[in-house]
Each structure stands twice: as structure tokens, then as C-alpha cells.
Amino acid sequence: MGCRRAPVAGAPGRGLLRIWWAGCLVFAAQGAGGVAWSRHVWDRFSLTADFGSYAQAWHDIGTGHLDPFDTVFAYHYPHFGYPFWQSHLELLMWPLALLRFVHDSAFDLLVAQDIALAGAGLAALRFGLELVASRWPEQQRGAQLAGIGLLALLVLDPWTYWSMSYDFHLQPFAVLLTVLAARDLWLGRRRAWLWVAGALACGDVAGSYVAAVGVAAVCSGRPLRRPGAALVLAGLGWIIVASAIGSGKGSLLAARYGYLAHVSGRAGLAATVAVLAGLLTHLGDVWRVLHERIGAMGAFVAGSGTLGLVAPLGA
């Protein structure tokens, strides 16, 4: 993806449409397989404390306790717990709690996560095929090869299956909503901002996803620079707001990463600023840790492809 003009999504031709319908079947199978695997994990109690936190909030909200208290994790021992919203400002949990009226089991959360993961892959495939159609309107063979490669990459991405296996989190929902927002942004639809609002409702972590889409939009050309800049401000602003109002306790930014910057603290805007400022003054420590974890970072990048890193936008 270049940095001089904005990509304009086009309607997939007959060859790409066949790939699209094949993708629909593949991701439907992926979602169904994910539900079956989640049942396997559920029946064997192979879930962590994170699931306990979400399940507790899901149950409390669904039974009318609209300000649930998270008692799973200790905070400022010996005082245990804090209001759930102070964990990551994950407002999406409130509408998700409506699932309790359909089926009174926290297993519903795992099912919803599997659907979100498959939906994110399907949304990314559609967006990708539209971009391919806009770049190869006549080169059908090249377009179809690119479409098949995209489908294979999305289906074989190991991190999707790791997410299905590792507990429950709202990041998969954020990915789905962010991809939908990116697609509508590229198509010039105002509906994109509804998807952005939904993504931000997935918590402070999702603010980084929204900001990343904003950076991509700014780099893609003049037509998208203003909305892209707005997305960057919205994503970073959401993270700052979450810290400022006392949320972010689920991250414990300073407690977990303060050793890189020689600062202490647990949560709040002051701790976040202290870590960021400390990183700038202790670059040697940052470089040492990055070097030690280069293998893990390489595995993460490889899971979603590496060719994009050689493009200006990828860099």
C-alpha cells in the first residue's frame, strides 16, 4: 500500500467473488470449529483467572448489578478488587451481558469470541479483495492469486487459534470492529465512526488499534489524512481518558513495565506518563529487553505475514 494516494476499494470481479464465497464457507467452518474447541476447553476447566473476571462481570450485570466489582484480582493488597470498569474501561461487557437472557452460561462468552474471530477474518478478506480489485482491475490472474494468498494467510494465522484457546478477552471484538471501521473509512462511509465507537468500547487497549488505523489512513493519501488524524487522536485520547479517570488497573503499566524506566506505581495517568518519560531517558534498557525478546516478536510478526514490512506503510 503506497503513501501517495488513497486506495479506493473496488467491487470484486467474478474470480474474486468465487474466492469470497469460498472464504464465507471456510470462516463459517472456522467459527464452528472454534465453538467445538471452546467446549473442549470449557469442559476441562482449562481457563484462567482472566475468564473468571469477565464471567463474574457478565453474571453480575446480567442479574441487575450494573456496577460489578471485580474480586478476582488483588489490587493494593490487602484490599481486594475494584469496580470492573476500572480494569480496562471495557464498556462492551454491558451489552454482552444481554446474552444471559438467551442462555444462562458464561460459556456464551467463548462462543461470542469465536464468532468475533471468524468474523474478523471474513471482514479482512472482503476488504482485502476489494483493494485487490481496485489495484488489478484487468490482471485477473494476478488478482486471483493475491486473493487466494490473502485467504490462506487469514485462515492459517496461528494467533487466531491461540486466541480461541487462551481464555476470553475483548480484543477479538476490537479487531473485528476496527477492520470494519477501516473498510468503511476507505469507502468514504460515515458509518465507520460507529465501528470506531464500538471498538473503543472494547477497552483502552483497543485505542491503540484505532490509532494504528489512523496512521495507515494518514499515510494512504490526502483524501484520508484528516479522518486518519482524527482516528489517531481518538485512539490515543481514549487511552489517556481511561488512565485519567482511574481505569487501566488491568494493565498495571508502571508495575509491569516500570523496570524499563526505573519508575514505580500501579495505575493512573501519572504512572503512564512516568513510564513513557522514563523510557526516553533509559533507552539502553529498552534496547536490551527488545533484543532479548526478538524471537517472540518475530513469531508474532510471522503469524500475520512479513511482506508488508518492506512497504513504506508497513515500516
Could you tell me whether the side chains of Thr71 and Gln56 share a donor-acceptor contact shorter than 3.5 Å?
-> yes

Tell me yes or no: between the side chains of Asp70 and Ser53, is some donor less than 3.5 Å from an acceptor? yes

**Message:** Using a 6.0 Å cut-off, check whether atom CZ of Arg226 has over 12 heavy atoms from anything other than its own residue.
**Reply:** no

Heavy-atom nearest pair, Asp204 first then Ala242, reads CB-CB, 3.8 Å

Discussion item. Assess, by modelled atom type and distance only, whether the side chains of Ser247 and Trp85 contain a donor and an acceptor separated by less than 3.5 Å.
Written reply: no

Exercise. Show your working on side-chain contact (heavy atoms from CB on, under 4.5 Å) between Ser220 and Trp186 and close with a plain yes or no.
Key: CA-CA 9 Å; Ser220 295; Trp186 260 253; 3.4 Å; yes

Report task. Flag yes if Phe173 and Val205 sit in one hydrophobic cluster, no otherwise; membership is Ile, Leu, Val, Met, Phe, Trp, Tyr, and two members link when side-chain heavy atoms are under 4.5 Å apart. Result -> no

To the nearest 0.5 Å, atom OH of Tyr166 lies from atom OG of Ser46 at 10.5 Å

For His40, look at atom NE2 and say whether over 12 heavy atoms of other residues, nucleotides or ligands are found less than 6.0 Å away. yes

| said: Is it the case that the side chain of His291 and the backbone of Trp287 share a donor-acceptor pair, with hydrogens and angles ignored and the cut-off at 3.5 Å? | reply: no

With sequence neighbours left out, the residues meeting salt bridge (charged side-chain N to carboxylate O under 4.0 Å, His left out) with Asp60 are none

When rounded to the nearest 0.5 Å, the distance separating CH2 of Trp159 from CE of Met164 is 15.0 Å

* To do: Find out whether Val132 and Leu16 are in side-chain contact, i.e. whether some heavy atom of one side chain is under 4.5 Å from a heavy atom of the other.
  => yes

What one should report as the nearest heavy-atom pair of Ala49 and Val72 is O-CG1, 3.5 Å

- Residue pair Leu180 / Arg183, side-chain heavy-atom distance below 4.5 Å: no

The reported gap from CZ in Phe27 to CZ in Arg126 (rounded to nearest 0.5 angstrom) is 13.5 Å

Note, Phe168 side chain near Leu47 side chain (heavy atom, < 4.5 Å)
no

Check: Thr178 and Trp195 side chains under 4.5 Å, non-hydrogen atoms
no

- Could you tell me whether the side chain of Phe84 reaches within less than 4.5 Å of the side chain of Glu90, counting heavy atoms only? yes

Over 12 foreign heavy atoms within 6.0 Å of CH2, Trp37:
no

Notebook entry, point to check: Are Leu231 and Leu185 side-chain neighbours, meaning at least one heavy-atom pair lies under 4.5 Å?
Noted result: yes

dist Asp50:CG -> His169:NE2 (nearest 0.5 Å) comes out at 3.5 Å

Taking every heavy atom of Met93 against every heavy atom of Tyr54, the minimum-distance pair comes out as CE-CD2, 3.4 Å

Checklist entry - Under a single-linkage definition using a 4.5 Å side-chain heavy-atom cutoff for Ile, Leu, Val, Met, Phe, Trp and Tyr, are Val215 and Val175 assigned to the same hydrophobic cluster? => result no

Residues passing the ring pair (Phe, Tyr, Trp, His ring centres under 6.0 Å) test with Phe51, sequence neighbours excluded, are Trp42

Problem set entry | Pairwise side-chain contact, Ser243 with Trp238, heavy-atom cut-off 4.5 Å (strictly under) | no

Nearest heavy-atom contact between Val232 and Gly214 is CG2-C, 3.6 Å

*Report the C-alpha separation of Leu290 and Val286 in whole Å, then their side-chain angles, then the decisive distance to 0.1 Å, and conclude whether the side-chain contact (heavy atoms from CB on, under 4.5 Å) test is met.*
CA-CA 6 Å; Leu290 290 177; Val286 176; 4.0 Å; yes

ILVMFWY network linking Ile19 to Leu154, side-chain heavy atoms under 4.5 angstrom:
yes

Between Leu176 and Ala123 the two heavy atoms that sit nearest each other are CD1-CB, 4.3 Å

Check: Do Val213 and Phe127 share a hydrophobic cluster, counting only Ile, Leu, Val, Met, Phe, Trp and Tyr and linking them when any side-chain heavy atoms are less than 4.5 Å apart?
Finding: yes

Distance col, row Leu194:CG vs Asp184:CG, nearest 0.5 angstrom, shows 9.0 Å

Take Val218 and Leu224 through the side-chain contact (heavy atoms from CB on, under 4.5 Å) test and state the conclusion after the steps. CA-CA 6 Å; Val218 170; Leu224 294 179; over 6 Å; no

Review point. Are Trp94 and Phe69 grouped together when hydrophobic residues (ILVMFWY) are joined by side-chain heavy atoms under 4.5 angstrom apart?
Key: no

Tightest non-hydrogen contact, residues Ala217 and Gly228, listed as CB-CA, 3.6 Å

Min side-chain heavy-atom separation Ser38-Val111 under 4.5 Å
no

d(Leu89 CG, Leu170 CG) to nearest 0.5 Å is 11.5 Å

**Q.** Donor + acceptor pair across side chains of Tyr161, Gln30 (<3.5 Å)
**A.** yes

_side-chain contact (heavy atoms from CB on, under 4.5 Å) between Ile245 and Gln86, intermediate numbers included_ = CA-CA 8 Å; Ile245 64 176; Gln86 291 184 6; over 6 Å; no

